[in-house]
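Okay, structure first, notes after.
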Amino acid sequence: MATFEGRFTDATGLQIGVVVARFNDLVTGKLLSGCLDCLARHGVDTSENSAQLDVAWVPGSFELPIASLAMARSGRYQVLITLGAVIRGDTPHFDVVVAEASKGISSVSRDTGIPIIFGVLTTDNLQQALERAGIKSNLGWSYALQALEMGSLMQALPENK
Ligand code: INI
């Protein structure tokens with residue numbers, strides 16, 4: 001029996017792309033900070049001229065899938081992280097934006113075989129979003145951990161060797 005698991009201790013050889021939505025950047029900027037902090041503490045080079053990490057900004061969560069598709073197709077990354085915040089109070093088309101972002105991200109991931117971490121907060125109000133972006137905990141940290149796990153798992157799985 002083979003058991004495959006991701007690892008958190010050695011990020012060497014992992015190229016990571018992060019796609020961040022500017023909409024609600026008070027929240028997404030904090031998610032990005034938490035995410036980069038976690039990656040750095042796990043040995044990822046997060047410096048300005050890092051060859052291991054790229055960050056792409058898009059206008060809103062609706063655009064996360066198309067930018068993810070371009071990055072996934074580039075063949076440069078083993079894992080992508082999407083960061084966004086869709087707040088129900090801000091928009092009557094909350095459900096549309098959330099549905100397009102989630103369906104789009106999952107289909108890009110399946111179609112390209114590149115794991116994409118779904119780091120889009122969906123909350124009723126700004127307070128809840130901020131609580132998940134640093135006031136209580138910072139989910140950006142968790143998304144980074146999940147990216148390390150999935151990126152290294154994909155490297156370990158037989159069909160990716
Ligand atoms: N984008 C978000 O990321 N979060 C939101 O809460 C949001 N609201 O409220 O509308 C939002 N809208 C912008 C959308 O993602 C697109 O950028 C825009 O429609 C242009 O295509």
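First listed ligand is number 1; within each ligand, the first listed atom is number 1.
Looking at Thr28, its side chain does come within 3.5 Å of a backbone N or O of Ala21 through a donor-acceptor pair. Side-chain atoms of Ser109 do not come within 3.5 Å of backbone N or O of Ile105 as any donor-acceptor pair. In terms of modelled atom types and a separation under 3.5 Å, the side chain of Glu100 and the main chain of Phe62 share no donor-acceptor contact. A donor-acceptor contact shorter than 3.5 Å links the side chain of Gln15 to the backbone of Ala51.
Residue Pro59 places no N or O, backbone or side chain, under 3.5 Å from any N or O of ligand 1.
The environment of CD1 in Ile135 is crowded: more than 12 heavy-atom neighbours from other residues, nucleotides or ligands sit within 6.0 Å. Within a 6.0 Å radius of CZ in Arg73, no more than 12 heavy atoms belonging to other residues, nucleotides or ligands are found.
Of the heavy atoms in Ile87, only backbone atoms (N, CA, C, O) come closer than 4.0 Å to ligand 1. Residue contacts with ligand 1 for Val58 are absent, since no atom lies close enough (heavy atoms, distance under 4.0 Å).
Contact between His93 and ligand 1 is present, with at least one heavy atom of the residue lying under 4.0 Å from the ligand. Under a 4.0 Å heavy-atom criterion, Ala85 is in contact with ligand 1.
For ligand 1, the atoms lying closer than 4.0 Å to a non-hydrogen atom of Asn24 are 4 (N), 5 (C), 6 (O). Each of the atoms 14 (C), 15 (O), 16 (C), 21 (O) of ligand 1 lies under 4.0 Å from some heavy atom of Phe62.
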